[in-house]
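Starting from 1, each residue takes its place in the sequence as its number.
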Amino acid sequence: MVDVKKLAAEVLGVGESRVRISPEALDRLEEVTTKADVRALIKEGLIYAEYARGGVSRGGRWRELHEKRRKGRRRGGVGSRRGGSKYARLDPKEVWKGKIRAMRRYLSSLKRMGLIDARTWRELYLQVKGGRFDSVASLKAYLVSNNIIKQQR
C-alpha cells in the first residue's frame with residue numbers, strides 16, 4: 001500500500017505532520033496509488049495542509065540586543081579589537097593622557113622661560129583640560145594667532 005500522507009506532503013510541499021485527511025476520504029484512500037490521485041483529492045478538498053504554527057520569534061531578543069549595542073554595550077573589551085587606525089588599537093584614555101601631558105609640559109616650559117605669566121598659564125591649563133586643543137601644534141597655533149607668544153623659528 002502507498003503511504004498517502006507521504007505523497008500528499010510532497011505534493012503540498014509541507015511536512016507529513018501538517019497533512020490532514022478528512023474522514024470522508026478514508027474509504028477512497030485504498031484507490032490512491034500516484035501523486036496524480038493525491039492531487040485529485042487535494043482539488044476536492046479532502047486532503048489539505050494545516051497552517052504552520054508560529055515558533056518562538058527571535059525578533060524581541062534581537063531588538064533588545066541591538067538597542068544595547070547601539071548604546072555601546074556588549075561590544076567586547078580590548079581583546080575584541082582588530083585592525084583600524086593606530087588610535088583604534090589604543091585605549092582612548094591612554095591617547096588622551098599622552099596628549100594632555102604633552103600640552104601641560106609645553107605650557108610649563110613656557111611659564112619657566114617667562115613667555116607667559118602665571119595667570120595666562122592657569123587660563124590655558126584649564127582650556128587644555130577642557131579639551132579645547134587637539135594637540136601641542138593646535139595649542140601653539142592658538143598662542144601665536146592670539147599674540148600670546150611670538151612665532152618661534
side-chain contact (heavy atoms from CB on, under 4.5 Å) against [X], all qualifying residues, sequence neighbours excluded:
X	result
Glu94	Asp91, Lys97
Ser109	Tyr106, Arg112
Ile148	Ile116, Thr120, Tyr142, Leu143, Asn146
Arg73	Lys68, Lys71

Practice task
Could you list the residues that satisfy salt bridge (charged side-chain N to carboxylate O under 4.0 Å, His left out) with Arg70, not counting sequence neighbours?
Solution key: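 Glu67.
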
Exercise for the section: Output all residues satisfying side chain to side chain donor-acceptor pair (under 3.5 Å) with Glu24, sequence neighbours left out; order by chain, then residue number. Expected result: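 Result, side chain to side chain donor-acceptor pair (under 3.5 Å) vs Glu24: none returned.
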
Practice task
Could you pull out all residues at least two apart from Glu10 that satisfy side chain to side chain donor-acceptor pair (under 3.5 Å)?
Solution key: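 Only Lys35 meet the side chain to side chain donor-acceptor pair (under 3.5 Å) criterion with Glu10.
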
Practice task
Provide the full list of ring pair (Phe, Tyr, Trp, His ring centres under 6.0 Å) pairs with a residue in residues 24-74, sequence neighbours left out, each pair given once.
Solution key: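 Counting only pairs at least two positions apart or across chains, the ring pair (Phe, Tyr, Trp, His ring centres under 6.0 Å) contacts touching residues 24-74 are Trp62-His66.
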
Exercise for the section: Would you list the pairs meeting ring pair (Phe, Tyr, Trp, His ring centres under 6.0 Å) in which at least one residue belongs to residues 3-29, sequence neighbours left out? Expected result: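 Sorted result for residues 3-29: empty, none.
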
Residue pairs fulfilling salt bridge (charged side-chain N to carboxylate O under 4.0 Å, His left out) with at least one residue in [range], sequence neighbours excluded:
range	result
residues 114-124	Arg119-Glu123
residues 38-48	Arg28-Glu44
residues 52-62	Glu50-Arg53

Problem - Atom pair CG/CG of Leu7 and Asp37 - distance to nearest 0.5 Å - result: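 If I round to the nearest 0.5 Å, the distance is 9.0 Å.
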
Handout entry: Distance in Å, Arg74 CZ paired with Leu65 CG, rounded so as to fall on 0.5 Å steps
Key =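 Here the interatomic distance stands at 5.5 Å.
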
Which heavy atom of [X] sits nearest to which heavy atom of [Y], and what is that distance?
X	Y	value
Gly15	Ala9	C-CB, 4.0 Å
Ser138	Phe133	OG-CB, 3.5 Å
Glu16	Lys5	O-CE, 3.9 Å
Val38	Ala8	CG1-CA, 3.6 Å

Practice task
With the side chain counted from C-beta on, respond yes when Val11 and Ile47 share a heavy-atom pair under 4.5 Å apart, and no when they do not.
Solution key: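 Result no, sub-4.5 Å side-chain heavy-atom pair not found.
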
Handout entry: Flag side-chain contact, heavy atom, 4.5 Å: Leu107 against Leu139
Key =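 Contact flag for Leu107/Leu139 side chains = yes.
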
Problem - Residue pair Leu46, Ile21: steps toward the side chain to side chain contact (heavy atoms under 4.5 Å, CB included) verdict - result: CA-CA 6 Å; Leu46 299 174; Ile21 301 169; over 6 Å; no

